[in-house]
Amino acid sequence: MGKPVREYLLTLCITAAVTYLLTGPVRKFAIVAGAMPEIRARDVHREPTPRLGGIAMFFGLCAGLLVADHLTNLNQVFQASNEPRALLSGAALIWLIGVLDDKFEIDALIKLGGQMIAAGVMVVQGLTILWLPIPGIGSVALTQWQGTLLTVALVVITINAVNFVDGLDGLAAGMVCIAATAFFLYAYRIWYSYGVEAAAPATLFSAILMGMCLGFLPHNMHPARIFMGDSGSMLIGLVLAAGAISVTGQVDPDALNLYVGSEKEAVHQTVPVYIPLLLPLTIIAVPAADLILAIVRRTWRGQSPFAADRGHLHHRLLEIGHSHSRAVLIMYFWSALIAFGALAYSVNSASMWIVLGVVFLSAIGLALLLLPRFTPRAPRWMERFVPPRYRRRGVPAVAPEASTPAAAAEQAAPVAREDRAPVVSGVSGVNGATAIGARSRLADRRKAGTP
């Protein structure tokens with residue numbers, strides 16, 4: 001077990017390092033290239049912020065695959081399967097479409113067609129669903145057309161679910177990283193514990209996906225210096241879908257040999273293992289719910305399902321009074337609860353403690369939703385080491401040379417005036433984005449007539 005884990009960890013670290021180191025130069029390139037769109041009505045940032053962060057994430061993906069191909073144990077994945085090459089081909093196509101969209105704002109239908117073509121490219125190279133484990137029936141083999149249609153649908157839904165949730169700083173990358181972590185544990189358990197080699201590609205894809213998100217997050221946390229754009233959100237959505245397709249549609253449930261008896265009984269008994277893997281929507285349930293609600297809401301209003309608005313779940317959290325950072329953390333919490341709850345259920349579906357734990361954590365999550373104005377305060381001895389929003393009111397950050405209260409007040413006054421000063425559109429700040437107070441932002445947007 002040691003060597004495979006070390007190789008996966010090395011692949012993850014290389015992917016994260018390449019993504020992190022390239023994001024800074026990519027940000028400068030995006031500014032020079034003019035990939036800084038005007039502020040839209042649905043945006044929550046106040047300054048134009050460069051996009052094209054997906055460029056760094058794509059090269060991180062390439063670096064991770066290249067390193068894995070030269071490692072002793074992971075090299076067997078490339079020799080026994082064509083799935084890594086299929087993933088790279090589909091990822092390159094969807095990444096190119098995303099880059100063009102980040103720069104030129106291409107039509108939504110063109111993007112949808114590109115997503116279907118990218119999924120088709122992966123299908124042609126062997127990354128497709130071959131059969132489905134159905135409880136009470138057994139493994140149902142799919143025809144070529146059925147497998148193709150199901151694979152394309154799964155890829156398109158997952159890509160758009162991730163793209164829809166990419167509305168706050170660090171939200172999409174963090175939620176997908178949580179999902180990839182849980183998915184890695186699923187796939188690794190099937191591959192290593194049960195000796196099913198067909199699950200190895202999905203395990204590799206999940207490790208690389210974690211590296212892509214972890215490398216990009218330091219640049220994308222609030223206030224974000226750069227956005228991943230569609231080139232990044234569609235890319236990580238495709239990688240997540242590819243892992244789910246690989247482990248769901250190409251791993252034979254009967255190969256686990258967990259239970260003696262007919263294939264029908266084996267599939268029925270191994271349902272807890274396959275419920276979280278059958279559809280990636282089980283893992284990214286929050287983005288999927290947001291996607292479904294957005295389509296219903298826009299269709300009900302007579303709008304196009306692709307028409308952007310401010311009705312997403314993260315927008316609702318801001319409207320009820322949560323800060324930007326707290327809204328992101330709440331979304332993280334629900335994603336982790338669903339993903340790791342499903343992981344625990346797949347390991348031991350008979351344990352009542354798992355159900356009670358999920359219920360208890362759900363109650364905590366609901367309580368957090370109802371306390372939008374609760375702000376934790378750090379102890380006084382820690383106030384020098386935490387962001388200003390966690391310090392006690394009236395206690396500014398004291399510089400070493402401010403030895404008297406009067407000097408500290410003089411240093412704090414310009415900062416307070418600067419926070420209240422309006423930000424002119426088109427002027428980039430130090431971080432490329434500015435934190436927004438929830439009340440002032442919503443008041444300005446309501447005056448502008450934005451719902």
Side-chain angles (χ1 to χ4, degrees), residues 15-16 19-20 23 26 37 40 42-45 49-58 60-61 91 94-95 97-99 101-102 111 115 155-183 206 208-244 280-281 283-294 308 310 312-318 324-336 338-339 433:
T15 304
T19 303
Y20 176 80
T23 302
V26 166
R40 300 164 295 186
R42 69 179 187 271
D43 291 333
V44 298
H45 59 284
T49 304
R51 297 194 286 188
L52 293 177
I55 295 179
M57 302 178 83
F58 176 74
L61 169 68
I94 202 68
W95 169 74
I97 296 172
V99 169
D101 181 66
D102 289 342
K111 287 196 294 183
Q115 295 168 7
V155 171
V156 171
I157 291 174
T158 308
I159 288 175
N160 286 281
V162 176
N163 193 20
F164 271 47
V165 82
D166 184 24
L168 297 179
D169 297 348
L171 182 58
M175 292 181 67
V176 172
C177 184
I178 293 171
T181 303
F183 202 90
S206 301
I208 292 177
L209 183 57
M210 281 191 287
M212 295 165 62
C213 296
L214 290 175
F216 184 72
L217 267 175
H219 298 273
N220 190 232
M221 294 301 292
H222 183 71
R225 295 173 54 84
I226 186 174
F227 296 151
M228 67 172 66
D230 282 2
S231 58
S233 61
M234 293 197 300
L235 175 64
I236 61 179
L238 180 135
V239 177
L240 182 60
L281 301 185
I283 296 178
I284 54 171
V286 175
D290 195 13
L291 171 64
I292 295 173
L293 292 174
R310 285 179 55 85
H312 293 293
L313 296 177
H314 49 270
H315 290 138
R316 299 294 185 186
L317 291 174
L318 295 177
H324 190 294
S325 299
R326 190 180 295 114
V328 172
L329 292 177
I330 289 175
M331 297 286 281
Y332 284 177
F333 174 84
W334 285 106
S335 297
I338 295 172

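Taking all atoms of both residues into account, the shortest heavy-atom contact from Gly54 to Leu235 is O-CD2, 4.1 Å. Of all heavy-atom pairs spanning Ser325 and His222, the tightest one is OG-CD2, 4.0 Å. For the pair Leu168 and Ala327, the tightest heavy-atom approach, listed with the atom from each and the gap, is CD1-CB, 4.0 Å. Contact detail for Gly215 and Pro218: the closest heavy-atom pair is O-CD, 3.6 Å. Heavy-atom minimum distance, Val155 versus Ala241: CA-CB, 4.0 Å. Residues Val99 and Ser231 share a closest heavy-atom pair of N-CB, 3.6 Å.
Here CD1 of Ile236 is found 4.5 Å from SG of Cys213. Values are rounded to the nearest 0.5 Å. Atom CG of Leu61 sits about 5.0 Å away from atom CE of Met212, to the nearest 0.5 Å. Distance check, rounded to the nearest 0.5 Å: CG of Asp101 to CG of Asp230 gives 4.5 Å. Note that CD1 of Ile97 is 7.5 Å distant from CD of Gln115, once rounded to the nearest 0.5 Å. A distance of 5.0 Å separates OG1 of Thr15 from CD1 of Ile208, quoted to the nearest 0.5 Å. In this structure, CG on Leu171 lies 9.0 Å from CE on Met228, to the nearest 0.5 angstrom.
The aromatic rings of Phe58 and Trp95 lie parallel to each other, their planes meeting at an angle below 30°, with 60° marking the opposite boundary.
Residues Leu238 and Thr158 are not in side-chain contact: their nearest non-hydrogen atoms beyond the backbone lie 4.5 Å or more apart. The shortest side-chain heavy-atom distance between Tyr20 and Leu214 does not fall under the 4.5 Å cut-off.
Between the side chain of Asp169 and the backbone N or O of Ala224, at least one donor-acceptor pair lies under 3.5 Å. Side-chain atoms of Asn163 do not come within 3.5 Å of backbone N or O of Ile159 as any donor-acceptor pair. The backbone N or O of Ser233 lies less than 3.5 Å from no partner atom in the side chain of Asp166, so there is not a single donor-acceptor pair.
The number of heavy-atom neighbours closer than 6.0 Å to OH of Tyr332, taken from other residues, nucleotides and ligands shown, is above 12.
Shown here are the side-chain hydrogen bond (donor to acceptor under 3.5 Å, both in side chains) partners of Asn220, two or more places apart in sequence or in another chain: there are none.
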